[in-house]
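Below is one structure, written out as structure tokens; comments come after it.
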Amino acid sequence: MKGMLVILSGPSGVGKDTVLASWSRAEPRVVRVVAYSTRAMRPGEVDGVDYHFVDRPTFLRMAEEGAFLEHKEVHGNLYATPKKDMEALLEQGKIAVLKIDVQGALTAMALRPDAVSIFLLPPSMEVLEQRIRGRGADDEATIQRRLKNAKTELSFADRYQHRVVNDDLARAVGEVASIVATTEERA
Ligand code: ADP
């Protein structure tokens, strides 16, 4: 059985990881496509789980060889979506999820019109700020940068096929699951 490609975006702190974790617990076919990055591994991160951490020469060689669906530089670090891992998951019939920024998502949508695209929205900017602060991972300057970026990112929400408000977690996960189920039935 052929799988389904899902493009999932939304501002930092909206709950992408939380939704994905909850959805994949309920539906074992859901697997995140692990991206490649040249940034330093943070404490608690696991190579091959959070990212495939590679050095710059390795990354650039892979890019040259056409290994990536899309890649980009953010704050001096390179990030990419690997083609082969994504294809392998789809061949296995998985629901392969790209957790991806807006810029990468627009590229991925153009290259993969078969993908279903979902933008996760916060119930409000106030709730988004509470979630970023509640996560306790960022200093004040980073929080302010994330909130500023969020406004720009939210302006791209209408470029996605679907928008889901992450208000109540179980409700939001249910909506994402039902969007994907409906899309699969039509395919
Ligand atoms: P992202 O992956 O989009 O950056 P996270 O999944 O890290 O966001 O979530 C940010 C914070 O918001 C976390 O502390 C998480 O527990 C919390 N959170 C996520 N979804 C919900 C929700 N539906 N209701 C309440 N809190 C949530």
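Just so you know, these numbers use all the heavy atoms, side chains as well, and skip hydrogens, waters and symmetry mates. Bear in mind that the values here come from a model prediction, so they are computed numbers and not experimental data. Each ligand, and each atom within it, is numbered from 1 in the order the structure gives.
Counting non-hydrogen atoms of other residues, nucleotides and ligands closer than 6.0 Å to CD of Glu64 gives a total of 12 or fewer. Heavy-atom contacts from other residues, nucleotides or ligands closer than 6.0 Å to CZ of Arg171 number more than 12.
Proximity of Gly134 to ligand 1 is not established, as no heavy-atom distance is less than 4.0 Å.
Here the heavy atom of the protein found nearest to atom 2 (O) of ligand 1 is Asp17 N, 2.9 Å. Among all protein heavy atoms, the one lying closest to atom 23 (N) of ligand 1 is Asn166 OD1, 2.8 Å. For atom 7 (O) of ligand 1, the nearest protein heavy atom (residue, atom name, distance) is Arg135 NH1, 3.1 Å. Regarding atom 10 (C) of ligand 1, its nearest protein heavy-atom neighbour is Gly13 O, 3.4 Å. In this structure, the protein non-hydrogen atom closest to atom 8 (O) of ligand 1 is Gly15 N, 3.1 Å. Remark: minimum distance from atom 16 (O) of ligand 1 to any protein heavy atom is reached at Thr18 OG1, 4.0 Å.
At under 3.5 Å, a nitrogen or oxygen of Lys16, whether backbone or side chain, sits near a nitrogen or oxygen of ligand 1.
Proximity of Ala172 to ligand 1, defined as any heavy-atom pair under 4.0 Å, is not found for any part of the residue. Here Val19 has no heavy atoms under 4.0 Å from ligand 1, in either its backbone or its side chain.
Of the candidates Val116, Leu98, Val176, Val30, Val6 forms a side-chain contact (heavy atoms from CB on, under 4.5 Å) with just one, namely Val116.
A continuous path of Ile, Leu, Val, Met, Phe, Trp and Tyr side chains, each step under 4.5 Å between heavy atoms, connects Leu60 with Val54, placing both in one hydrophobic cluster.
Atoms of ligand 1 lying under 4.0 Å from at least one heavy atom of Pro11, given by number and element, are 3 (O). Residue Asp167 approaches ligand 1 through these ligand atoms, each under 4.0 Å from one of its heavy atoms: 22 (C), 23 (N), 24 (N). Those atoms of ligand 1 that come under 4.0 Å of a heavy atom in Leu169, given as number and element, are 23 (N).
Nearest to atom 21 (C) of ligand 1 by heavy-atom distance, out of Arg171, Arg133, Arg131, is Arg131.
Side-chain contact between Leu128 and Pro11 is present, with heavy atoms from C-beta onward closer than 4.5 Å.
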Q.
Go through it in stages, so that I can follow the logic: the residues are Asp139 and Thr142, the test is side chain to side chain donor-acceptor pair (under 3.5 Å), and I'd like the CA-CA distance, side-chain angles, deciding distance and then a yes or no.
A. CA-CA 5 Å; Asp139 60 22; Thr142 308; 2.5 Å; yes

Q.
Is there a side chain to side chain donor-acceptor pair (under 3.5 Å) between Glu126 and Gln130? Walk through the geometry before answering.
A. CA-CA 6 Å; Glu126 288 71 28; Gln130 281 164 20; over 6 Å; no

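No salt bridge links Glu65 with Lys83; every basic N to acidic carboxylate O contact stays at or beyond 4.0 Å. Between Lys151 and Glu129 there is no salt bridge, since no side-chain nitrogen of the basic residue lies less than 4.0 Å from a carboxylate oxygen of the acidic one.
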